[in-house]
Number of protein chains: 2
Amino acid sequence: MSAMLDNSTDPQAACYNIAAVERDTGLSKDTLRVWERRYGFPKPRRDHHDERLYSLPDLEKLRLLRLLIDQGHRPGKIINRSTTELSQLISARAPEQSTPPEIAVIIEMLLLHDVDRFRNALLQALMKQGLLRFVTETVAGLNHWIGEAWLAGRVQVFDEHLYSEHIQNILRNAIIAQPGRGSGPRVLLTSLPGEKHRIGLLMVEAVLCAEGAACVALGTETPIIDIKDAVPAYRADVVALSFSSAIPQAAALAGLAELRTLLPEGIEVWGGGGALARARKTAPGVLLLRSFDDLRYALERWRVEHAMR
Amino acid sequence: MSAMLDNSTDPQAACYNIAAVERDTGLSKDTLRVWERRYGFPKPRRDHHDERLYSLPDLEKLRLLRLLIDQGHRPGKIINRSTTELSQLISARAPEQSTPPEIAVIIEMLLLHDVDRFRNALLQALMKQGLLRFVTETVAGLNHWIGEAWLAGRVQVFDEHLYSEHIQNILRNAIIAQPGRGSGPRVLLTSLPGEKHRIGLLMVEAVLCAEGAACVALGTETPIIDIKDAVPAYRADVVALSFSSAIPQAAALAGLAELRTLLPEGIEVWGGGGALARARKTAPGVLLLRSFDDLRYALERWRVEHAMR
DNA sequence: CGCGCTCATTTGTCTTGGACATATCTGGGA
DNA sequence: TCCCAGATATGTCCAAGACAAATGAGCGCG
């Protein structure tokens with residue numbers, strides 16, 4: 001099938017075929033070929049059958065390019081700069097602001113790669129603050145810090161992975177530990193295809209559970225049509241969608257509007273997350289939640305309105 | 001970039017572009033095109049610019065084909081049979097062996113969309129069986145059942161989403177509850193880009209924790225180079241990768257081999273999961289784990305070998 | 001000065017048909 | 001029965017062209 005292990009000729013100049021580069025950089029084969037055609041980079045050497053063999057330096061530069069493009073740079077503007085220039089571009093970012101001590105401790109342990117103490121620092125913050133404050137202050141602050149540090153290149157990929165896993169462990173643990181539902185609505189909670197961020201979703205779930213709502217969490221990336229079918233199946237009163245700031249605001253609003261048209265009048269649609277935090281406009285029939293306080297108000301409002309009936 | 005909602009024209013005859021089919025079936029664009037050229041299937045209609053638009057029935061048949069091919073059938077032999085014939089081939093293979101009562105109860109609650117009882121049934125099975133048996137018997141059995149039922153259309157998308165979320169909640173809860181590490185190796189646990197299945201990874205993590213190993217979980221889709229950098233940072237002794245059956249076996253072996261060349265001799269590389277469960281060949285310097293028993297055996301062997309030094 | 005519109009450019013994805021390496025099957029000989 | 005060689009099946013790669021979606025620039029208007 002695939003010819004991997006391409007460093008058969010020269011052990012120190014390991015070679016990667018186009019499939020390996022696609023996997024390691026996230027750039028599609030088509031993109032790699034069209035960059036070579038248009039910009040002259042990367043220009044890999046070829047094996048005996050004219051198939052591309054990328055060098056390790058090329059692979060590293062491609063990963064830097066990918067990072068910068070994700071941050072908003074245009075490929076054509078940066079592709080012909082040197083690797084060192086690209087590194088400087090990454091580290092040239094505004095320094096962080098003062099962080100509260102709880103957050104600073106957690107970050108320190110993460111950067112020291114001390115897994116056990118990192119876990120304990122998180123658990124300690126949770127115990128000290130309680131679930132609600134932990135989520136709305138500490139986790140939100142950590143997310144923000146990690147996002148900034150990631151852009152500045154001060155955090156490595158695996159640090160972010162480890163962070164995400166442990167936050168998930170702790171939030172899911174807290175969610176399970178919640179007592180049964182109270183008087184709130186049944187909230188169907190998920191995100192639309194393209195939105196892969198799970199932590200925001202779990203934060204909302206934790207807050208909802210802590211406030212006594214019954215949460216039906218479907219994880220990320222549920223197609224709209226399946227959300228429509230899930231609402232009657234689980235007898236949901238509200239559908240809540242999360243949009244991270246990776247999603248364009250217009251796309252988030254469009255998704256909410258489309259879902260709104262598919263659902264009956266009595267079902268409420270809520271939207272929140274980074275993409276909508278600064279939204280001016282709203283969608284008709286959709287409730288935008290710009291903060292966790294908004295979320296709690298919305299819950300309270302729902303309770304008041306439905307207690308009368 | 002990515003065309004998400006493709007069913008803009010006709011709601012009932014939803015259309016999928018080639019990228020969506022690749023994502024949903026795991027068959028590469030190249031494969032889809034070459035099948036059309038060679039076998040005449042699938043033969044999608046084209047949009048105004050001659051781009052392929054696959055129908056939902058085609059997509060479903062492609063999924064069946066993918067499953068049968070993974071089971072050992074040859075594409076050329078089955079590609080021109082009808083969808084019903086293919087379904088029969090699938091159900092003929094697995095005579096729906098009797099499911100144990102623990103599993104049957106859980107499945108029943110899932111299909112009834114009774115979230116609370118579903119959760120309770122899972123928790124009860126965990127309490128009754130203990131973590132190890134729960135993971136290796138109940139969760140493994142449920143995964144298998146869900147996979148089969150999904151192909152047979154007996155399970156809806158949102159059922160699967162809900163299932164995945166709750167299994168994650170419970171496994172992560174169990175993982176956190178484990179006492180500190182024992183005498184085992186530090187195992188770095190993750191999957192390669194393209195492998196999005198989290199449950200298998202969590203199952204492994206649960207077993208490792210239960211057996212006293214120190215687990216450093218990085219979640220899914222860690223690029224190989226970042227795995228290489230993570231090993232010294234976390235002082236890992238072993239890197240374990242999980243490959244679900246959605247991944248081609250060759251790709252899994254190639255990834256393992258590449259990682260092997262990047263890591264120093266002293267670091268072990270383990271691979272497991274559905275993609276490798278039936279692998280005949282292995283990769284040099286890589287330990288293939290074809291079952292959870294293999295995993296426990298590997299742990300034991302590591303302990304013996306490293307106790308002597 | 002900000003806002004929205006239009007037009008130009010950039011950039012990623014899709015197209016075709018050919019080529020070939022590797023996996024798998026088949027048949028023959030020890 | 002086992003193993004090897006040749007035939008077949010199958011997936012991946014290549015080339016250059018085309019175009020649509022995303023982005024940026026220019027411009028008029030309140």
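Just so it is clear: chains get the letters A, B, ... in the order the sequence lines come, proteins before strands, and each one is counted from 1. Since the structure is predicted, the reported quantities are computational estimates derived from the model, not experimental observations.
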Select one nucleotide: of [options], the one nearest the side-chain heavy atoms of [X].
{"X": "B:Arg46", "options": "D:dC13, C:dT15, D:dA20", "answer": "C:dT15"}
{"X": "B:Arg33", "options": "C:dT15, C:dT13, C:dC20", "answer": "C:dT15"}
{"X": "B:Pro75", "options": "D:dC13, D:dG11, C:dT15", "answer": "D:dG11"}
{"X": "A:Ile18", "options": "D:dC13, D:dA18, D:dA15", "answer": "D:dC13"}
{"X": "A:Asp30", "options": "C:dC14, D:dG11, D:dC14", "answer": "C:dC14"}

Phosphate oxygens OP1/OP2 of [N]: is one of them under 4.0 Å from a side-chain N or O of [X]?
{"X": "A:Arg74", "N": "C:dG12", "value": "no"}
{"X": "B:Lys29", "N": "C:dC14", "value": "yes"}
{"X": "A:Ser28", "N": "C:dT13", "value": "yes"}
{"X": "A:Thr31", "N": "C:dT11", "value": "no"}

Roughly how many Å is it from [atom1] in [X] to [atom2] in [N], rounded to a whole number?
{"X": "B:Ile78", "N": "C:dT24", "atom1": "CD1", "atom2": "C1'", "answer": "15 Å"}
{"X": "B:Tyr16", "N": "C:dC14", "atom1": "OH", "atom2": "P", "answer": "16 Å"}
{"X": "B:His73", "N": "D:dG11", "atom1": "NE2", "atom2": "P", "answer": "15 Å"}
{"X": "A:Leu32", "N": "D:dA15", "atom1": "CG", "atom2": "P", "answer": "13 Å"}
{"X": "A:Tyr54", "N": "D:dC13", "atom1": "OH", "atom2": "P", "answer": "10 Å"}
{"X": "B:Arg52", "N": "C:dT15", "atom1": "CZ", "atom2": "C1'", "answer": "7 Å"}
{"X": "A:Lys77", "N": "C:dT9", "atom1": "NZ", "atom2": "C1'", "answer": "10 Å"}
{"X": "A:Leu62", "N": "C:dG12", "atom1": "CG", "atom2": "P", "answer": "12 Å"}

request  = Examine distances only and state if a side-chain atom of B:Lys61 and a backbone atom of B:Leu56 form a donor-acceptor pair shorter than 3.5 Å.
outcome  = no
ask   = Residues in side chain to side chain contact (heavy atoms under 4.5 Å, CB included) with B:Asn143, at least two apart?
value = B:Val139, B:Tyr163, B:Ile199, B:Met203
ask   = Does OH in A:Tyr39 sit with more than 12 non-hydrogen atoms of other residues, nucleotides or ligands closer than 6.0 Å?
value = yes
Enclosure of B:His161 NE2 (heavy-atom neighbours >12, cutoff 6.0 Å) =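 Yes, enclosed.
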request  = May I ask you to list the residues of residues 34-42 of chain B, by number, that have any heavy atom positioned under 4.0 Å from an atom of DNA chain D?
outcome  = B:Val34, B:Trp35, B:Arg38, B:Tyr39
Taking distance alone, no hydrogens or angles, what donor-acceptor pairs closer than 3.5 Å link side-chain atoms of residues 62-70 of chain A to residues at least two apart or in another chain?
| residue | atom | partner | partner atom | Å |
| --- | --- | --- | --- | --- |
| A:Arg63 | NH2 | B:Asp226 | OD1 | 3.4 |
| A:Arg63 | NH2 | B:Asp226 | OD2 | 2.4 |
| A:Arg66 | NE | A:Asp70 | OD1 | 3.4 |
| A:Arg66 | NE | A:Asp70 | OD2 | 3.3 |
| A:Arg66 | NH1 | A:Thr25 | O | 3.2 |
| A:Arg66 | NH1 | A:Gly26 | O | 3.2 |

request  = Select base, sugar-phosphate, or nothing to describe what A:His48 touches, counting heavy atoms under 4.0 Å on all strands.
outcome  =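 Contact class for A:His48: sugar-phosphate only.
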key: Difference in axis direction between the ends of the helix from C:dC1-D:dG30 to C:dA30-D:dT1, five pairs, 10°   = 40°
request  = List for me each residue that meets salt bridge (Lys or Arg N to Asp or Glu O under 4.0 Å) alongside B:Arg37, sequence neighbours excluded, and say none if there are none.
outcome  = none
message = Please enumerate all residues that pass salt bridge (Lys or Arg N to Asp or Glu O under 4.0 Å) together with B:Glu60, with sequence neighbours excluded.
response =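 Expected list: none.
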query = Between the side chains of A:Ser28 and A:Thr31, does any donor sit under 3.5 Å from an acceptor?
reply = yes
message = Please tell me whether A:Ser242 and A:Glu195 have a donor and an acceptor in their side chains that are separated by less than 3.5 angstrom.
response =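 There is no such pair between these side chains.
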inquiry  = Please compare A:His49 and B:Glu51 by the position of their nearest nucleotide in DNA chain C and report the one closer to 5'.
reply    = B:Glu51
query = Pick from B:Leu276, B:Val269, B:Leu241: which one makes a side chain to side chain contact (heavy atoms under 4.5 Å, CB included) with B:Val286?
reply =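 Going through the options one by one, the only one that passes is B:Val269.
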